[in-house]
Amino acid sequence: MDFKNVEKKWQKIWEQEHRYHAKDFDSKPKYYILVEFPYPSGAGLHVGHTPNQIAMDILARKKRAEGYNVLYPIGWDAFGLPTENYAIKTGIHPKEVTRKNVEHFKEQIKSLGISFDWDREINTTDEEYYKWTQWIFLQFFKKGLAYKAEANINWCPKCKIGLSNEESEGGICERCGTPTLQKPKSQWMLKMSEYAEKLLQGLDETNYWENIKAMQRKWIGKSEGTTMHCKLESGESFDIFTTCIETVFGITYFVLAPENPLVDKLKDKIENWDEVLAYKEKSAKKSEFERTELVKEKSGCELKGIKAINPINGKKVPVYIGDYVLANYGSGAVMAVPAHDQRDYDFAKLMNLPMIEVIEGGNIKECAFEKADYLGKGCKLINSAGFSGMTVEEAKAALNKYLEENGLGKKECTYRMRDWVFRRQRYWGEPVPLVYCEHCGWVPVPENELPVKLPNVDKYVPTDDGESPLSRITEWVNTTCPKCGQPAKRETDVMPNWAGSSWYWLRYMDPHNDKAFADFEKMKYWGKVDIYNGGGEHVTRHLLYARFWHKFLYDNGLVPYSEPFDRRIQQGIILASDGSKMSKSAGNTVDPMEYVEKYGADVSRLGQMFMGDYTEMKPWSDATMKPCERLLNRIVALKDKVTKGEIRDENKFICASSIKKVNEDVENLKFNTAISQIMIFTSALEKQEKINSEEYKVLLKILNPFAPHITEELWEECKFSPKIEETAWPSYNEKDLIQNEVEIAVQQNSKIIGRMNISPTADQSEIEEKAKKEFAQKFENKEIIKVVLIPSRLINFIVK
RNA sequence: GCGGGUGUGGCGGAAUGGCAGACGCACAGGACUUAAAAUCCUGAGAAGGCAACUUCGUGUGGGUUCAAGUCCCACCACCCGCACCA
């Protein structure tokens with residue numbers, strides 16, 4: 001059989017029939033399968049895409065055969081840097097680049113026979129799509145969840161542009177290699193922190209893999225502790241957050257983050273302002289790289305002339321700034337208890353500061369006695385006034401109570417997750433639909449004027465001061481205020497490339513709607529995404545952003561469910577064939593499309609699924625292609641032996657067990673072992689002189705999700721009716737799984753002494769008797785103490 | 001350092017606490033062929049033995065159990081993610 005021609009034939013038919021179009025409001029139960037939509041790069045489909053699309057295609061095709069109305073859509077997450085950089089280099093409009101790349105991707109995906117519903121194809125860079133991305137952003141703005149704030153950006157002093165985190169990995173400018181700086185810039189933020197608790201709680205409603213939940217929880221980083229209100233001697237107040245309020249009597253100084261605004265306010269009172277300013281500047285210059293990777297040594301600077309008061313005992317202690325205190329976590333200030341926190345300990349040693357031991361049991365001459373060491377061990381407080389003698393746990397409660405009653409603080413939670421810096425000083429992204437008016441401030445573009453279209457520009461490079469190329473188009477920037485009609489300016493930043501992917505699964509449910517981002521009734525019908533397949537690298541950011549947008553929409557009555565995805569699963573990373581990481585620079589990448597050309601789509605699909613456990617990281621191996629090709633050829637050859645007839649008794653077991661195995665394996669994403677079973681099934685049929693049509697149908701049907709083209713062709717050639725797609729998924733009778741005879745192992749003291757065949761329904765005494773008879777010599781002079789029988793598997797005699 | 005994961009023949013990988021190595025790859029022998037390719041059949045974890053068989057074997061060391069790749073404790077190696085989070 002000429003696989004490639006057969007595949008083309010069926011791909012054409014499927015396309016003409018719109019066979020995989022999912023109908024809204026169908027009476028069949030719905031099943032929504034989502035794969036992360038690809039970024040259409042110039043390089044085409046790669047091994048990061050194909051196994052996922054194939055795996056979910058197998059699931060989709062099986063679910064359809066089982067009677068589900070399956071929604072399996074695809075689209076393009078097309079805003080992004082590579083396209084923009086390509087445009088900078090070549091001058092070709094990103095829109096044109098995207099169009100070409102998408103075309104290429106589509107052709108490749110279609111050549112694999114993936115059963116996407118092409119009538120629902122979306123593209124984040126289409127005006128009718130990003131209109132709604134902008135619309136949702138405006139809802140955030142209107143609810144006060146989008147705000148402008150100063151935040152640090154990665155700044156390359158040589159290129160004079162702001163870089164994304166990806167472009168400045170390791171604190172080095174990707175373009176020129178210069179270390180990047182942290183530069184404050186006013187930019188749009190989304191108040192994701194407000195949803196921290198909801199995002200955390202919501203995880204319990206989902207069926208994500210536990211490790212994915214764990215990663216999300218860790219990223220959200222909830223930490224329970226105490227916020228304590230502190231005062232300086234000079235009257236100014238500030239808050240600190242601590243998870244170890246039990247150590248409050250051990251405070252010997254406070255540390256503020258160098259960026260803490262309080263520092264500037266104290267300018268006139270600080271005796272060594274020059275020194276403080278120098279330190280502030282030094283730490284601002286430190287790149288992210290230095291601050292996190294290299295320099296773990298503490299540094300800091302005392303605010304001379306400033307003293308803070310420990311609210312618990314009125315003790316006056318010095319105040320420092322130090323860059324080991326992060327400005328954007330907690331309140332940007334800490335109480336320092338060197339005896340019980342290693343970081344404070346190191347800092348105190350460096351600055352020659354005193355320590356007060358307040359929890360018994362450590363050896364603070366060596367190192368700090370930290371909470372990890374003392375919690376839950378019944379350690380008691382010392383040097384802590386009335387709280388001395390309490391256990392740590394008692395003291396925590398008592399101190400929180402005391403602080404609260406005296407208005408000095410309260411129990412609180414802090415989250416590691418920060419607000420979302422929602423900007424990019426670039427061209428190829430969704431324009432932020434806001435206008436700045438001197439009289440009215442930031443004013444949203446009226447909804448009926450959306451989308452704010454991305455205008456054409458001459459140059460795609462950012463301006464010298466790092467502004468978006470849009471800022472150069474004065475006729476676009478200058479507009480009138482929608483509120484007062486006076487001259488105003490458009491926001492020239494665009495949205496980050498995570499924006500379009502933060503709601504796309506909703507658009508698939510109603511992709512052509514021009515009245516709303518999606519119709520509410522349709523969203524109710526399609527419900528949650530039943531299974532969302534994606535890469536591990538998106539488990540934190542994308543998945544949190546997506547859940548955040550969804551929850552926000554839910555809170556505003558715009559979507560019917562509070563969580564977007566029911567299950568989230570992950571494919572394993574495909575490594576190069578030598579087990580190393582695939583990368584363009586190492587030159588060890590694999591183009592999966594090569595195998596489609598060489599072997600055809602069905603073989604390539606099988607080969608990729610047979611490589612190993614779908615969810616485990618594994619090296620690419622083309623060693624699976626040949627045997628899968630062989631398998632299909634063997635199945636084609638079986639056709640000549642087919643005559644009309646029912647499943648014969650002697651084949652009932654292999655049919656039933658194969659259906660069962662494939663059912664379970666596909667549901668559990670064990671595609672490799674499902675293929676093994678199909679191989680076993682094939683071998684069993686091969687051994688027979690002739691094959692009955694109903695037996696062959698079972699084989700074709702369970703293979704169909706894996707190799708949809710060849711199986712449909714064979715089905716047609718055999719003149720089976722109705723069509724393979726219209727034939728229900730095969731069922732089996734439980735009793736067919738019971739064989740007449742099974743081989744069981746006979747053990748003595750847990751060691752195998754032999755094997756024997758026996759009816760699976762035989763009772764224990766029958767089996768015992770048979771074993772004793774067959775292995776009589778092994779039982780001579782032995783006393784049986786105990787017998788363990790595992791039906792159909794083994795019998796174990798414990799003897800003396 | 002923290003979080004997550006992985007460790008099984010020459011290789012990819014299978015094994016609801018129940019016969020470790022299914023299914024394949026590569027390998028060897030054989031059949032078909034003038035020959036090769038393709039295809040088919042057979043063999044094989046390792047060590048010892050002519051053999052029936054014996055012993056050892058799932059990263060290491062302990063433990064629970066009639067029975068452990070699987071469960072528990074302690075460690076080692078590698079991979080991924082985060083990293084001064086108070």
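Just so we're on the same page: letters track the sequence lines, and every chain starts at 1. Since this is a predicted model, take the numbers as computed values, not measurements.
- Qualifying ring pair (Phe, Tyr, Trp, His ring centres under 6.0 Å) partners for A:F548, counting only residues two or more places apart in sequence or in other chains: A:F140, A:Y195.
- With a cut-off of 3.5 Å on both pairing distances, the Watson-Crick and G-U wobble pairs of RNA chain B assemble into stems of 3 or more at B:1-7 with B:76-82, B:10-12 with B:23-25, B:27-31 with B:39-43, B:45-48 with B:53-56, B:59-63 with B:71-75.
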Determine whether A:Y532 and A:Y208 satisfy the following criterion, ring-ring contact (aromatic ring centres under 6.0 Å, His included), listing intermediate values before the conclusion. CA-CA 9 Å; A:Y532 187 16; A:Y208 297 177; 8.6 Å; no
Pair up each side-chain donor or acceptor in residues 623-633 of chain A with any protein partner under 3.5 Å, not counting sequence neighbours, and list the distances.
residue	atom	partner	partner atom	Å
A:T624	OG1	A:G607	O	2.9
A:T624	OG1	A:S621	O	3.3
A:N633	ND2	A:E629	O	3.3

Stepwise side-chain contact (heavy atoms from CB on, under 4.5 Å) test for A:F369 and A:D341: CA-CA 7 Å; A:F369 186 47; A:D341 183 288; over 6 Å; no
Sub-3.5 Å pairs of nitrogen or oxygen atoms, protein against nucleotides 30-32 of chain B:
none

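- Atom NZ of A:K222 has more than 12 neighbouring heavy atoms from other residues, nucleotides or ligands inside a 6.0 Å radius.
- Side-chain atoms of A:W219 lie closest to B:C82 of the nucleotides B:G13, B:C82, B:A86.
- Rounded to whole Å, the distance from CD on A:Q608 to P on B:G13 is 15 Å.
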I'd like a table of donor-acceptor pairs (distance under 3.5 Å, sequence neighbours excluded) in which one partner is a side-chain atom from residues 669-680 of chain A, with atom names and distances.
residue	atom	partner	partner atom	Å
A:K670	NZ	A:D613	OD2	2.8
A:T673	OG1	A:D665	OD2	2.8
A:T673	OG1	A:K670	O	3.1
A:S676	OG	A:N672	O	3.3
A:Q677	NE2	A:S658	OG	3.1

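- Comparing B:C84 with B:C2, their P atoms sit 15 Å apart, to the nearest whole Å.
- With sequence neighbours left out, A:F347 forms a ring pair (Phe, Tyr, Trp, His ring centres under 6.0 Å) with A:Y253, A:Y320, A:Y324.
- Under a 4.0 Å N-O distance rule, the pair A:R634/A:E686 qualifies as a salt bridge.
- Ring geometry for A:F241 versus A:Y329: interplanar angle over 60°, hence perpendicular rather than tilted (30 to 60°).
- The base of B:C19 sits within donor-acceptor range of the side chain of A:R755, with an N or O pair under 3.5 Å.
- In this structure, B:G57 shows a glycosidic angle more than 90 degrees from zero, which is the anti conformation.
- Counting non-hydrogen atoms under 4.0 angstrom, A:S621 reaches nothing in the nucleic acid.
- The stretch residues 206-217 of chain A participates, sequence neighbours left out, in these salt bridge (charged side-chain N to carboxylate O under 4.0 Å, His left out) pairs: A:D204-A:R217, A:E210-A:K213.
- Among residues at least two apart or in separate chains, there is no salt bridge (charged side-chain N to carboxylate O under 4.0 Å, His left out) pair with a member in residues 744-761 of chain A.
- The NZ atom of A:K371 sits 13 Å away from the C1' atom of B:C84 (whole-angstrom rounding).
- Spacing between B:G81 and B:C11 at atom P, rounded to whole Å, works out to 27 Å.
- Of the residues near RNA chain B, A:T673 and A:D344, the one whose nearest nucleotide (by heavy atom distance) lies more toward the 5' end is A:T673.
- Checking B:A14, B:G13, B:C19 against the side-chain heavy atoms of A:E743 singles out B:C19 as nearest.
- The separation between A:H538 atom NE2 and B:G81 atom C1' is 13 Å, rounded to whole Å.
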Given the rule in the side-chain contact (heavy atoms from CB on, under 4.5 Å) test, do A:E768 and A:I795 qualify, once you have shown the distances and angles that lead to the verdict? CA-CA 8 Å; A:E768 276 184 39; A:I795 184 159; 3.8 Å; yes
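- Between A:Y595 and A:Y599, the ring planes are parallel. Angles under 30° get that label, and only those over 60° would be called perpendicular.
- Comparing B:A31 with B:A20, their C1' atoms are spaced 33 Å from each other, to the whole Å.
- Across the interface with RNA chain B, nearest-nucleotide mapping of A:T540 and A:G332 shows A:T540 to be the residue nearer the 5′ end.
- In this structure, the CE atom of A:M609 is 19 Å from the P atom of B:G12, given to the nearest Å.
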Could you run through nucleotides 4-11 of chain B and give me one letter per nucleotide, 5' to 3': B if any protein heavy atom sits under 4.0 Å from the base, S if only the sugar-phosphate is that close, - if neither? S-S-----
Give the intermediate values and the outcome of side-chain contact (heavy atoms from CB on, under 4.5 Å) for residues A:I220 and A:R416. CA-CA 6 Å; A:I220 295 166; A:R416 179 187 298 234; over 6 Å; no
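- Checked against side-chain contact (heavy atoms from CB on, under 4.5 Å), A:S792 has the following partners two or more places apart in sequence or in another chain: A:V742, A:P760.
- Across the P atoms, B:G3 and B:G57 are found 33 Å apart, a figure rounded to whole Å.
- The side chain of A:N633 places no N or O atom within less than 4.0 Å of a non-bridging phosphate oxygen (OP1 or OP2) of B:U39.
- Remark: C1' of B:G3 and NZ of A:K222 are 19 Å apart, rounded to the nearest angstrom.
- Following rounding to the nearest Å, A:N668 (CG) and B:A14 (P) show an atom-to-atom distance of 13 Å.
- Under 3.5 Å, the side chains of A:T243 and A:E224 contain no donor-acceptor pair of N or O atoms.
- Nucleotides B:C40 and B:C50, compared at atom P, are 36 Å apart to the nearest Å.
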Protein-to-nucleotide contact annotation, 5' to 3' order, nucleotides 23-29 of chain B [B base; S sugar-phosphate only; - none; under 4.0 Å, heavy atom]: BSS----
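- Salt bridge status for A:K660 with A:E664: present, with a side-chain N to carboxylate O gap under 4.0 Å.
- As a whole-Å value, the separation of A:M625 CE from B:A38 C1' is 20 Å.
- For B:G9 and B:G45, the C1' atoms lie 5 Å apart once the distance is rounded to whole Å.
- One P atom belongs to B:C66, the other to B:G12, and the distance between them is 36 Å to the nearest Å.
- The separation between A:L575 atom CG and B:G13 atom C1' is 15 Å, rounded to whole Å.
- With both ends at atom C1', the span from B:A26 to B:G10 equals 8 Å, rounded to whole Å.
- For A:K410 and A:E412, the salt-bridge test passes: some basic side-chain N is under 4.0 Å from an acidic carboxylate O.
- For A:Y324, whose side chain is taken as the heavy atoms from C-beta onward, the closest listed nucleotide among B:G18, B:G81, B:C84 is B:C84.
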Set out, line by line, the N/O atom pairs under 3.5 Å between protein and nucleotides 63-68 of chain B.
residue	atom	partner	partner atom	Å
B:C66	O2'	A:S750	OG	2.4
B:C66	O2	A:N796	ND2	2.7
B:A67	O4'	A:S750	OG	3.3

